[in-house]
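The shown structure was predicted, so the numbers you read here are calculated from the model rather than taken from an experiment.
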Amino acid sequence: ISPVARRMAEEHMIDLKTMVGSGPDGRIVREDVEKRINSRKETKKVPVYQDKKLKSVIPLKGMREAIAEHMQRSLAISAQVTLLGEVDMFEIVKLRDLLVGQAETSQRITYTDILVFVVAKALRDHSIINSSLVGNEINIWEDINIGVAVALEEGIIVPVVKNADEK
């Protein structure tokens with residue numbers, strides 16, 4: 001398959017396994033992909049991509065587009081780390097119950113609030129973790145800003161708690 005044809009097929013979710021090329025030695029070329037795209041428009045069949053039927057397409061615009069751009073940027077510039085472990089939350093549960101009982105406002109203190117607080121304090125104590133690789137240097141950041149994923153019907157947003165260690 002030619003590079004242009006491959007890119008077009010990916011953009012239009014065309015399963016290349018179902019195509020026969022008309023180019024030299026059966027190579028799939030741009031014209032083959034264009035014919036498939038045009039035939040799709042005419043037949044209005046349920047699109048199939050890599051043996052999967054497509055139910056619907058939601059265009060990326062507005063908040064969804066901003067979320068996608070921010071997540072892709074984050075993937076491009078941040079080290080991706082997953083850490084799994086078990087934590088005894090007994091003391092945290094007791095702390096939350098105590099704080100909720102003492103609260104003078106109608107706002108509820110959540111486990112997320114406590115976890116952001118604990119992570120912020122840990123980042124202050126172990127500042128090398130709050131760093132980025134920029135060129136040939138490791139930049140250790142003074143500000144401790146923590147993003148908290150929040151689920152919405154439209155997807156997720158990640159508001160940032162700025163200077164979380166000071167709150």
Qualifying residues under salt bridge (Lys or Arg N to Asp or Glu O under 4.0 Å), relative to Glu34, sequence neighbours excluded
Arg30

Joint cluster assignment, Phe90 & Leu95, ILVMFWY side-chain distance < 4.5 Å
no

Got a sec: does the NZ of Lys162 have more than 12 other heavy atoms crowding it under 6.0 Å?
no

When you group the ILVMFWY residues by side-chain heavy-atom contacts below 4.5 Å and let the links chain together, are Ile144 and Val161 in the same group?
yes

Can you tell me if NZ on Lys121 sees more than 12 non-hydrogen neighbours from other groups inside 6.0 Å?
yes

Leu98: partners by side-chain contact (heavy atoms from CB on, under 4.5 Å), with sequence neighbours left out
Gln102

What are the two closest non-hydrogen atoms of Val116 and Ile146, and how far apart are they?
O-CD1, 3.7 Å

Nearest-0.5 Å distance that lies between atom CZ in Arg7 and atom CD1 in Ile1
10.5 Å

Heavy-atom distance under 4.5 Å between the side chains of His12 and Val33, does that happen here?
no

Flag, side chain of Arg96 to backbone of Ile109, donor-acceptor distance under 3.5 Å
yes

Quick one: side-chain hydrogen bond (donor to acceptor under 3.5 Å, both in side chains) partners of Ser2, sequence neighbours excluded?
none

Got a sec, which residues hit side-chain contact (heavy atoms from CB on, under 4.5 Å) with Asp97, two or more places apart in sequence or on another chain?
Val93

Residues two or more places apart in sequence or in another chain: which of them pass side-chain hydrogen bond (donor to acceptor under 3.5 Å, both in side chains) with Asn145?
none

Assigning hydrophobic clusters by single linkage (Ile, Leu, Val, Met, Phe, Trp, Tyr; side-chain heavy-atom cutoff under 4.5 Å), is Ile92 placed with Val148?
no

Partners passing salt bridge (Lys or Arg N to Asp or Glu O under 4.0 Å) against Glu91 (at least two apart in sequence or in another chain):
Lys94

Are Tyr111 and Val119 in one and the same hydrophobic cluster, where Ile, Leu, Val, Met, Phe, Trp and Tyr link if side-chain heavy atoms are under 4.5 Å apart?
no

With the side chain counted from C-beta on, respond yes when Arg36 and Ser39 share a heavy-atom pair under 4.5 Å apart, and no when they do not.
yes

Would you check if Asp165 and Leu123 make a side-chain contact, meaning some heavy-atom pair closer than 4.5 Å?
no

Crowded around Glu142 CD? As in, over 12 foreign heavy atoms under 6.0 Å?
no

Under the side-chain contact (heavy atoms from CB on, under 4.5 Å) rule, collect the residues that match up with Asp32, sequence neighbours excluded.
Met19, Ser22, Ile28, Val29

Taking only residues two or more places apart in sequence, or in another chain, which ones meet Ile140 in a side-chain contact (heavy atoms from CB on, under 4.5 Å)?
Ser127, Ile128, Ser131, Ile138

Is His70 close to Val158 at the side-chain level, that is, under 4.5 Å between some pair of heavy atoms?
no

Honestly curious: do Val160 and Ile156 fall in one hydrophobic cluster under the side-chain, below-4.5 Å linking rule?
no

Linking Ile, Leu, Val, Met, Phe, Trp and Tyr by side-chain heavy atoms under 4.5 Å, what else ends up with Leu115?
none

Go through the structure and list residues passing side-chain hydrogen bond (donor to acceptor under 3.5 Å, both in side chains) with Thr110, not counting sequence neighbours.
Asp113

